[in-house]
Amino acid sequence: MAFESLSEKLQNVFKNLRSKGRLTESDVKAAMKEVKRALLEADVNFKVVKTFIKAVQDRAVGQDVLNGLNPGQMVIKIVKEEMEALMGSTTTEIQLKPGNEITVILMAGLQGAGKTTTTAKIAGKYKQKGKRPLLVACDVYRPAAIKQLQVNGEKQGVPVFSMGDKMNPVDIAKASIEHAAKNGNNIVILDTAGRLHIDEDMMTELIAIKQAVDVHQTILVVDAMTGQDAVNVAKDFNEKVGVDGVIITKMDGDTRGGAALSIRSVTGKPILYIGMGEKLDDLQQFYPDRMTSRILGMGDVLTLIEKA
Amino acid sequence: TKTRDNIASGFDSIFKGFSSIDDDFYEELEEIMIMSDMGIDTTMSIIENLKKKVKEEKIKEPEECRQVLIDSIKEQMKLGEEAYDFKDKKSVVLVIGVNGVGKTTSVGKMASLLKGEGKKVMMAAADTFRAGAIEQLKEWAGRAGVDIISQAEGADPAAVVYDAVSAAKARNVDVLLCDTAGRLHNKKNLMDELKKINRIVEREYPEAYKETLIVLDGTTGQNALAQAKQFKEATDISGIILTKLDGTAKGGIAIAIQAELGIPVKYIGIGEQVDDLQPFDPDMFVNALFDRGDE
Ligand SMILES: Nc1nc2c(ncn2[C@@H]2O[C@H](COP(=O)(O)OP(=O)(O)OP(=O)(O)O)[C@@H](O)[C@H]2O)c(=O)[nH]1
Ligand SMILES: Nc1nc2c(ncn2[C@@H]2O[C@H](COP(=O)(O)OP(=O)(O)OP(=O)(O)O)[C@@H](O)[C@H]2O)c(=O)[nH]1
Ligand SMILES: [Mg+2]
Ligand SMILES: [Mg+2]
């Protein structure tokens, strides 16, 4: 795909201009058209793009072009800095309760986003760190959802709490905490059914779970390939249920992943991890700067700029 | 229906809010098309064509402009006459796509739909990889009331298809629906596995009609185009099942895919229940893009 294009395009935009000491308004405007296109091709939400472009434009006009950079690289440098500021500059971890208190983590998201798989991945991570996680099967709707969690739990060597598919997820969640307390589990991860952000009954179910048990972290799981709709999804989950952090899955594909930027900008919540495959150890730390390069569709040029 | 309303909101207002066709009008149109995931190239080329027509035909009213737009996209999304031929032949339908888009669920819904039309349907559980995939499909086979051929988790998917093809022939099945594992299009070994499945079908059942449906998640953005492209390189795709249109996503990328690759949408998914699959209706889909359902 268009992985090389933005830097090339920007070079072209500035090709006809003599290398100037300062970025003029018309230079920047021409460049912004290409940046806008790159962001839209990466699936960053249209409205987010508009706001972002405006911010970059305001900042770029009148700036001195640094030594060793051409105007195109200078614009990219500013774009990159603004985007990293938006994305958050550090990597964030899931917050755990102190000592041996039970931390309850609720996994939520649209259908097929990767919740069940990610639940098992996180459990494996904590098990390695010496914690005692318990997985809880709160998806009583999807055919064989419980079985899927059980198989994954077994692969990870982590216990799975289930009460079948005839019970209410709220009651299952409550019972699981008692079970954890009795069995010495200090992290409880609730795998919930996929749901649409506009499905009021299903959204209410999540709220009810949070009222019934002391959920410490609610994690929104989002497919990296999500398009323009990512803002609606993230906004609704955050406003209706409350979200503490985000995990972006299926980053092992070739999507540019602009949804990450959209989600970050509408919720302000940190992206915690990225899913890099179907295997249960394919979970990686999220690095905002790498994500920025990926969305912009460039790697090498940025390293050049960093050196300048 | 809910799909109509969801896709509709947004488009309607722009035609009512403008009294003349000016730059603001086109800009708003562009925004709404991009927000439906149509993609910037497709959006721009549709708008260019529209501008040309508006000039040629001396169109003055936004309302008239809208009709031109609707008609052109409708025309493009029209299905060929042979689109559903597989239903009336002895056929093997391969359902493919990336992870979590709704393949297994769509196989379940399709089985029920076809059975309702009096076809003898069978399923093949060729996703032997994902945890619980076989049990999930078995549950759907039960719901639809059709036979299913499966092996154990971890078995060779091509071997499952081999078994299923012989069973389908022996039992005089009309349509054999094969569920496959989710695979990202950039993973060569997984795409090769798909080719192997195809070769088995070709070799064991050459007289069967082959239908290959790629399932695309309606929520997916521009990457769906890359998915369609690369799956098309590995296998002959004959149609799209566009799922999850019961949400707020508009599935506009299907228009870009039709424009660039000529792959038609044949079914849409509008929920998680057994009857939430519909044959694609271009009129409804496109009208819904630009209309309120209650007009
Ligand atoms: N390639 C890839 N596939 C993934 C990743 N995470 C999950 N998947 C796959 O995506 C599909 C859906 O994952 P699930 O964990 O079942 O998703 P879910 O959100 O629990 O789905 P529902 O419960 O139906 O809403 C499965 O095929 C997973 O193997 C990832 O990071 N990369
Ligand atoms: N809202 C909605 N959900 C759907 C639709 N189609 C499928 N789903 C849900 O999406 C999730 C994933 O569906 P699956 O059928 O398991 O998807 P898949 O492509 O087989 O997934 P893998 O085999 O893991 O790659 C499930 O929770 C389904 O219930 C649809 O049209 N609308
Ligand atoms: Mg699940
Ligand atoms: Mg499946």
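Below, all heavy atoms of this structure are taken into account, side chains as well, without hydrogens, waters or symmetry copies. We name chains A, B, ... by the order of the sequence lines, and we start the count at 1 in each one.
Under the 4.0 Å criterion applied to side-chain N and carboxylate O atoms, K50(A) and E31(B) are assigned as salt-bridge partners. In summary, D229(A) and K250(B) do not engage in a salt bridge, as defined by a charged side-chain N under 4.0 Å from a carboxylate O. A salt bridge is absent between K187(B) and D254(A): the closest approach of a Lys/Arg side-chain nitrogen to an acidic carboxylate oxygen does not fall below 4.0 angstrom.
The part of E278(A) that comes within reach of chain B is its side chain, from C-beta onward, which places non-hydrogen atoms under 4.5 angstrom from that chain. For K36(A), the part lying under 4.5 angstrom from a heavy atom of chain B is the side chain only. With a 4.5 angstrom heavy-atom cutoff, L110(A) touches chain B only via side-chain atoms.
Contact residues of residues 97-106 of chain B toward chain A are V98(B), N99(B), G100(B) (heavy-atom distance under 4.5 Å). Inspection of non-hydrogen atoms places F129(B), R130(B), A131(B), G132(B), E135(B), Q136(B), E139(B) of residues 121-139 of chain B under 4.5 Å from chain A.
With respect to chain B, the highest number of heavy-atom pairs below 4.5 Å among V231(A), D252(A), V151(A) belongs to D252(A). Ranked by heavy-atom pairs shorter than 4.5 Å toward chain B, the options Q150(A), Q111(A), K47(A), K155(A) are led by Q111(A).
Side-chain contact between Q227(B) and M225(A) is present, with at least one heavy-atom pair separated by less than 4.5 Å.
The shortest non-hydrogen separation linking D37(B) to Q228(A) is OD1-N, 2.8 Å.
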